Structures are given as C-alpha cells and as structure tokens.
Amino acid sequence: MASGEDDDPIIQEIDVYLAKSLADKLYLFQYPVRPSSMTYDDITHLSAKIKPKQQKVELEIAINTLSPNYCRSKGEQIALNVDGTTSEDSNTYSVKMMDKQTFTSIQSTTNTSRYAAAIFRKGELHITPLQGILQMRPSFSYLDKADCKHREREAANEGGDSSQDEAEEDVKAVTVRFSRPESEQARQRRIQSYDFLQKKQAEESWVYLHYHGLNDGRSDHERQYLYCQAMGGSENTELVKTPKEYLAMLMPPVAEEKIVRPVGPSNMLSMAQLRTLPLGDQIKTLMKNVKVMPFANLMGLLTPGTDSTAVLRCIQQVALLVQGNWVVKSDVLYPKNSCSPHSGVPAEVLCRGRDFVMWRFTQDRSVMRKEIAAIIKLPPEDVKDFLEHMAVPRINRGWEFLLLSDGAFIKKHPDVAQRQHMLWMGIQSKLEKVFNFSKDDLVSKKDLETETVHVSGEQRLKAAHERARHNQPSLEKDLSARRQGGAGASGETGVRVKEEPVSEDEPMDSCSSVHPNGLVNGYPSSSATCPASNPHNGHGGTPTPSPSPELRDFVWNTFKKQHVLTLSEVKRLFNLHLASLPPGHSLFHSISDRLLQDTILMSQCKQILVPFPAQSTAAADEQKVFVAWETGETFDKHRQVLYEIFMKNYRVRRNVIQTRLTQELGDQTTKADMDRLLKECCVSLGGMWYLKGTLQS
C-alpha cells in the first residue's frame with residue numbers, strides 16, 4: 001500500500017463549496033441544432049417565457065432579414081400564409097415578413113440530481129445544483145397556424161356555395177345520456193392519457209421574463225450567486241460526511257424492487273391470474289365477460305382436471321340454460337344499486353327486461369326487436385344491448401340466438417335441464433304478471449311461423465307436382481281458348497295467368513342476351529320482343545302482364561315529383577298509395593317487383609348504376625337507383641349530365657358538378673340552376689353531394 005501511494009502522490013488539494021443561491025433557478029440550455037462555435041449570444045432576443053412546473057421555456061429570437069443568406073420572397077410568402085392579407089395586432093409577423101423564430105424547450109433528463117454547474121476561482125471549486133437541463137429547438141407552430149388559415153378559407157368557400165338546405169341538414173338530434181360511475185382503473189388510465197396530460201399542461205400559465213445579454217450588468221450581478229456566499233463549514237454540511245456515510249452514499253443498500261403490474265383494461269382477462277381465483281369466481285368472471293358459452297367451452301377454459309360436477313354446481317349460480325347453452329344471469333351484469341349506462345334505468349328494471357329476452361329465446365330460435373321493445377318498454381339502446389349479449393341480427397328474420405342448440409348437453413345432463421326448465425317456468429309466471437302478456441299468443445305465432453317456414457325441399461317439390469297435375473286440365477282449356485281467340489283477343493277473354501312471386505333480392509329479368517338491339521333503356525321497343533313478353537314465339541315462356549294505366553300514372557306522377565328514387569323507396573311510396581285507397585279497391589292486386597321495375601323503365605325513366613363503396617350496408621333494393629330521364633322540360637339536360645357524373649362516382653363535390661355542366665352546356669348554367677339541380681336530385685353531407693336515397697345513415 002505504501003508503495004502504491006508513492007506512485008500516485010497528491011499534487012494539489014482543492015476546496016469544494018456548495019452554492020445554494022441559485023439551486024432552484026439554474027437551468028442549462030443546450031442548442032443541439034447548431035455547433036458550439038455558432039452561439040446566439042449576440043443575436044437579439046425579443047421575448048422569453050417559462051412554465052416552471054413543466055420546465056418549459058420559449059424564446060423568440062430575431063432573424064437578420066438583411067443578411068445575404070436570407071430569401072426575402074420566401075419570408076414574405078410564409079408571413080402571407082400565416083397572417084393573410086389583413087393587418088391585425090394578433091398577427092405573428094407584424095412587418096409582413098418572417099423576421100423572427102421561436103425556440104421551444106424539451107427536457108434532456110428528468111433527474112438532474114447528478115448534475116451541477118461549477119466555477120473555479122482562486123483554488124476553490126464552487127458548484128451549484130441544476131434545476132433542469134433543457135434542449136432548445138426551433139418551433140414550427142407557425143406552419144400549424146398557416147394550415148388552420150387554409151382550412152378556414154376552404155370552409156368559407158364551400159359554405160358560401162352551399163345552399164340553405166345543406167345547412168339545415170347538418171342539424172342533428174341530441175341524445176342525453178348518463179355516464180356510468182368511473183372505476184379506479186378507468187380514472188388511472190384517464191389521468192395517464194395523452195389528452196389529459198395535454199390539458200393539464202395547458203392549464204399552467206406562462207411566466208414572462210426579461211432577457212439580459214451575456215455582458216449585461218444584471219448578468220454579471222447574477223453570476224456572483226454561483227459562488228458560495230457563506231464560506232463557513234456550517235453551510236456546507238452536505239459535503240462533510242463521516243467515512244461510513246460516504247461509503248453508504250457510494251454503495252447504497254439494495255432495496256427490494258416492488259413489481260408494479262401493468263394496469264390493463266377492465267374488460268380484459270389474464271388466464272394466468274384467472275386460474276388463481278376460486279372456482280366459483282373463475283366461472284363468474286368468465287361468464288360476465290363472454291355472456292353466452294357452451295358447457296364444453298367452459299370446461300376447456302378452466303384448469304385441466306377440474307371436476308365437471310363442481311362446475312355444474314357453480315355455473316347454475318351465475319347463469320341460466322338457454323337452448324342447451326349457458327347465458328349469464330341478469331343480476332350478475334346489472335348488480336343492485338347500479339343503472340343503465342345509456343338511459344339511467346335502475347338495475348331491477350333492466351334485469352326484468354333482459355330476463356324476458358332470455359325467456360323468449362327459450363321459446364324461439366329468433367325474435368323481433370320491435371316485439372321485445374313493445375312488451376318490456378325500455379329505451380332502444382338497452383334493448384339492443386340485451387340482444388347483442390346473446391344474439392346476432394339476421395336479414396328478414398330479426399335476431400337469432402348466438403349459438404346452435406346444444407342437444408348433447410341436454411341428453412348428457414337431463415337432471416340439470418329439468419331443473420332449469422322448472423326455473424324458467426317460475427320466471428315465466430313472474431314475467432307474465434309484470435309485463436301483462438299471454439304465452440299462448442306468442443306460442444301460436446311461433447307455430448304459425450313453423451308451419452310456413454320449416455318445409456323441406458322434397459315436400460315443396462311434391463306439392464308443386466300435385467298442383468301442376470291438378471291444374472293441368474284448366475290450363476289446357478285456357479290455352480286452347482286463347483289460340484282460338486287469337487293474340488288480339490287474349491286480353492279480352494279474361495284469362496288470368498298465375499305468376500310465382502318474385503323475391504325482393506331476385507334481379508330483374510333481361511332479354512338483352514337474346515336480342516341485344518331490341519331494348520331501349522331496358523324495356524322492349526316497338527320493333528323487338530323477347531320470350532318473356534311474347535307468348536307466341538314458340539318458346540313457351542310465361543307472358544309478362546302489361547302494367548295497368550293506373551300503375552303507369554302512379555309511377556309517372558311519382559318520378560315527376562321526386563326525379564331520383566331507389567326501388568326500396570318506390571315500393572314504400574307504392575304501399576302508402578295502396579293504403580290510401582278505399583277498402584275493396586283491386587286495381588293494384590298482384591303487383592310484383594319485376595312488373596314495378598318494368599313499369600318504371602316504360603315511363604321515360606332509366607336505371608343508373610351508382611358505384612356504391614365496397615363497405616356499403618345498402619340492401620339490394622336500395623342500390624337499384626332509378627331516375628326520370630325525360631320529363632319534357634328543358635332542364636332535363638342538366639339532370640342527365642348530373643346522372644352521368646354519378647354513374648362513375650358515388651359522391652362528388654359541388655365544383656366538380658359545376659365544371660362538368662359548364663363543359664357540356666356552356667356558360668348558360670347559372671347559380672340558381674345549380675341550386676335547383678342539387679335540391680331536386682341530391683343531398684349533402686360533410687361538403688360532399690350524394691344522389692338522393694344512396695346516402696346511408
């Protein structure tokens with residue numbers, strides 16, 4: 001040891017003093033975008049401000065606009081984009097030129113306990129702890145302001161061109177909802193979210209400062225505080241330590257690290273954590289999250305080797321058997337003293353309504369939402385929640401139960417199934433008293449649906465053969481009478497041709513493949529016929545009945561008023577028209593979708609193929625768009641140009657329509673014509689225009 005000390009002798013001893021005068025005010029600024037040889041010491045600082053709690057600093061520094069490296073045209077263009085042409089006190093650049101730039105700080109490190117500023121004088125080293133280390137970088141917030149100005153100008157231009165109807169359509173109904181009580185985990189996630197932190201940062205106000213240069217007298221005065229003011233040992237007790245304390249500072253004792261588990265969403269579950277719970281809590285947690293589950297799937301999620309008898313005992317406490325599957329009980333989802341997150345309805349009322357939905361699924365495979373809502377009389381949001389827990393929507397069938405019936409479980413556990421059946425009988429009697437309904441009505445309706453729906457293909461084929469065999473003599477008699485009477489008298493003999501109903505989704509028959517030149521806009525011309533319309537062409541096809549004058553008048557008057565209609569909307573208007581007729585009126589009996597479409601095409605109308613987006617939820621009838629092509633008005637040319645635009649675009653902007661009209665019709669199109677065209681044929685949403693009936697809510 002002695003020889004080692006001689007090899008490394010002490011050359012000089014320096015006294016170290018701890019200065020505290022600026023301990024909570026001293027910041028180290030770094031400028032990483034410029035080398036150390038290019039400082040900002042000699043450049044004019046226009047303003048400075050700080051948020052002490054966040055340690056956020058902003059400096060405004062002047063730019064030398066007379067420098068040969070400064071591009072004057074670019075500076076003027078930036079100022080124009082940011083402030084526009086107006087002269088206001090709030091403008092960023094008052095001289096119509098970018099003459100300054102802003103530097104914003106970010107923290108280099110959050111822990112500055114290991115850093116200090118030191119100054120050496122007369123053999124003494126004075127150190128001052130740093131409050132923060134900040135990196136000053138250029139801020140480009142003026143570009144955000146320029147973007148805002150640009151968007152405001154675009155919105156003003158679009159708003160000026162839009163009609164009053166567009167502004168009225170933007171009005172939306174406001175739904176009042178009650179927020180559910182916030183849990184502790186949700187509150188912690190909200191506090192740690194980016195939006196919350198941004199809001200908290202914005203709440204702290206700026207403290208404006210005065211900047212003093214490097215050689216300013218005030219700066220020299222403040223630099224004196226970097227020296228320790230009290231040279232006595234009593235003021236520097238932090239640097240006077242015993243060997244034991246000094247060793248503890250160099251090598252602190254190892255502390256147990258507390259493992260902090262990440263806070264996950266409340267609706268997510270860790271299987272490792274789940275299996276540490278008691279069996280009853282495991283099943284309750286699983287059913288609360290999954291809502292509907294077969295017994296086999298439940299056993300697969302539990303720890304291998306779990307006794308199925310114990311699982312059956314626990315599952316009956318938190319779930320009910322519906323079609324062989326287990327559905328979580330309502331009081332598990334809606335505990336006492338809770339309420340609906342949508343409407344604020346108490347938990348007791350929600351449980352009764354959900355129990356009714358579950359009971360209906362024990363009786364039927366599918367249910368109708370309107371029938372459910374009419375009985376339980378709860379808000380539609382709550383009814384939808386009930387159905388989404390255990391069913392999926394099906395087209396033309398209402399809501400179908402989520403899982404297939406598990407007959408294997410019922411056969412394997414008949415005692416459980418019988419016990420659950422008795423439990424449902426008790427629930428049914430309570431529901432009948434509460435909601436005042438009769439099960440017989442529902443069962444009779446179910447039986448009726450069963451008779452009409454559940455028919456096998458072989459039974460249908462056999463019934464069709466029997467009907468054909470029974471009707472063959474009368475059909476032969478009608479055919480011979482028609483041949484004797486000729487084509488001209490066929491409409492007067494009163495022969496009624498029976499037609500099979502056409503489904504709503506069946507496409508309209510077309511003869512274009514047989515006679516491509518014999519159709520004009522989808523309906524037969526005077527010089528061409530097709531097998532479907534000519535029963536005497538030798539093909540033996542079923543003749544298409546000609547539309548009655550009353551039906552033609554209805555279609556013509558409807559399209560003269562509306563101009564653009566989907567097939568779904570035409571059918572709706574037609575049903576309303578039928579409802580307005582006196583009882584016993586039979587002019588419009590047996591009107592099929594095909595006949596209705598043919599009548600539309602015969603009434604100077606066309607079907608246009610609007611390119612609906614791939615993710616569109618529009619039904620088949622809603623995607624069949626018909627327009628009045630010729631009404632005898634001079635304004636037909638404007639409408640036809642608009643229809644041609646929508647054959648290639650699902651939605652367009654107003655200026656696109658204006659440009660196309662100018663190209664096709666010249667400068668004779670006025671703003672009044674444009675407004676009339678859009679009002680008659682289109683609707684607007686978000687600055688885009690759609691054909692009427694094609695915009696899905």
Side-chain angles (χ1 to χ4, degrees), residues 271 274-275 278-333 354-368 372 386-394 397-432 439-440 442-459:
M271 294 302 297
L274 175 71
R275 290 176 177 176
L279 180 61
D281 293 341
Q282 291 185 45
I283 295 174
K284 182 177 180 180
T285 305
L286 284 171
M287 293 305 303
K288 193 173 181 180
N289 282 271
V290 182
K291 310 285 191 307
V292 183
M293 192 186 307
F295 185 74
N297 290 12
L298 177 62
M299 292 297 297
L301 292 174
L302 298 174
T303 306
T306 305
D307 184 17
S308 61
T309 304
V311 175
L312 281 173
R313 191 182 307 113
C314 295
I315 189 66
Q316 295 181 69
Q317 298 176 7
V318 296
L320 293 170
L321 192 65
V322 178
Q323 299 187 24
N325 301 281
W326 292 99
V327 182
V328 64
K329 287 184 177 180
S330 301
D331 54 5
V332 175
L333 292 180
R354 188 174 180 275
D355 286 346
F356 177 79
V357 176
M358 294 170 63
W359 174 79
R360 286 289 287 117
F361 278 117
T362 64
Q363 308 297 314
D364 292 295
R365 182 72 190 166
S366 301
V367 300
M368 300 302 294
I372 297 290
F386 298 160
L387 293 171
E388 287 178 342
H389 289 170
M390 61 193 82
V392 290
R394 301 294 187 192
R397 285 191 292 169
W399 289 76
E400 185 180 8
F401 191 68
L402 189 62
L403 302 176
L404 296 175
S405 298
D406 192 355
F409 175 83
I410 298 176
K411 291 180 180 179
K412 187 176 181 180
H413 304 280
D415 54 336
V416 176
Q418 179 64 23
R419 193 180 305 118
Q420 289 291 311
H421 176 70
M422 298 301 295
L423 185 61
W424 276 119
M425 293 291 290
I427 295 175
Q428 174 193 330
S429 61
K430 292 181 181 178
L431 294 176
E432 288 179 349
K439 179 187 174 184
D440 296 337
L442 299 174
V443 172
S444 63
K445 181 176 180 181
K446 172 191 171 185
D447 295 340
L448 179 62
E449 291 177 353
T450 304
E451 291 178 5
T452 57
V453 175
H454 298 287
V455 179
S456 65
E458 295 180 357
Q459 292 174 337

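Since we're looking at a predicted model, the values are computed, not measured.
Partners of Asp355 according to the side chain to side chain donor-acceptor pair (under 3.5 Å) rule, which considers only residues two or more places apart in sequence or in another chain, are Ser330. The side chain to side chain donor-acceptor pair (under 3.5 Å) test applied to Ser405 returns Gln323, not counting sequence neighbours. Trp399 meets the ring-ring contact (aromatic ring centres under 6.0 Å, His included) test with no other residue; sequence neighbours excluded. Arg313 meets the side chain to side chain donor-acceptor pair (under 3.5 Å) test with no other residue; sequence neighbours excluded. Under the side chain to side chain donor-acceptor pair (under 3.5 Å) criterion, His389 pairs with Arg354, not counting sequence neighbours. In this view, Arg394 and Glu400 satisfy the salt bridge (Lys or Arg N to Asp or Glu O under 4.0 Å) rule, not counting sequence neighbours. With sequence neighbours excluded, the residues satisfying ring-ring contact (aromatic ring centres under 6.0 Å, His included) with Phe401 are Phe361.
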Evaluation steps, side-chain contact (heavy atoms from CB on, under 4.5 Å), between Leu402 and Met293: CA-CA 9 Å; Leu402 189 62; Met293 192 186 307; over 6 Å; no

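Atom CG of Asp281 and atom CG of Leu274 lie 9.5 Å apart (nearest 0.5 Å). With rounding to the nearest 0.5 angstrom, the CD atom of Gln317 is 7.5 Å from the NZ atom of Lys329. Here the CE-CG distance, from Met358 to Leu320, works out to 4.5 Å after rounding to the nearest 0.5 Å.
Nearest approach of Val311 to Met299, heavy atoms of both residues: CG2-SD, 3.7 Å. Closest of all the heavy-atom pairs between Val332 and Lys284 is CG1-CE, 4.1 Å. Residues Leu403 and Pro294 approach most closely at CD1-CD, 3.5 Å, considering heavy atoms. Pairing each heavy atom of Ala310 with each of Leu279, the nearest pair is CB-CD2, 3.8 Å. Heavy-atom minimum distance, Arg360 versus Val367: CB-CG1, 3.8 Å.
The list of side chain to side chain donor-acceptor pair (under 3.5 Å) pairs with a residue in residues 292-312, not counting sequence neighbours, is empty.
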Could you give the side-chain donor-acceptor pairs of residues 407-427 under 3.5 Å, partners two or more places apart or in another chain?
{"residue": "Arg419", "atom": "NH1", "partner": "Gln316", "partner atom": "OE1", "Å": "3.1"}
{"residue": "Gln420", "atom": "OE1", "partner": "Leu321", "partner atom": "N", "Å": "3.0"}
{"residue": "Trp424", "atom": "NE1", "partner": "Leu321", "partner atom": "O", "Å": "2.8"}

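Within 6.0 Å of atom NZ in Lys291, more than 12 heavy atoms from other residues, nucleotides or ligands are found, so the atom counts as buried in its surroundings.
For the pair Val322/Met390, no side-chain contact is recorded, criterion being any heavy-atom separation below 4.5 Å from C-beta on. Contact check for Leu298 versus Val290: no side-chain heavy atoms found under the 4.5 Å cut-off.
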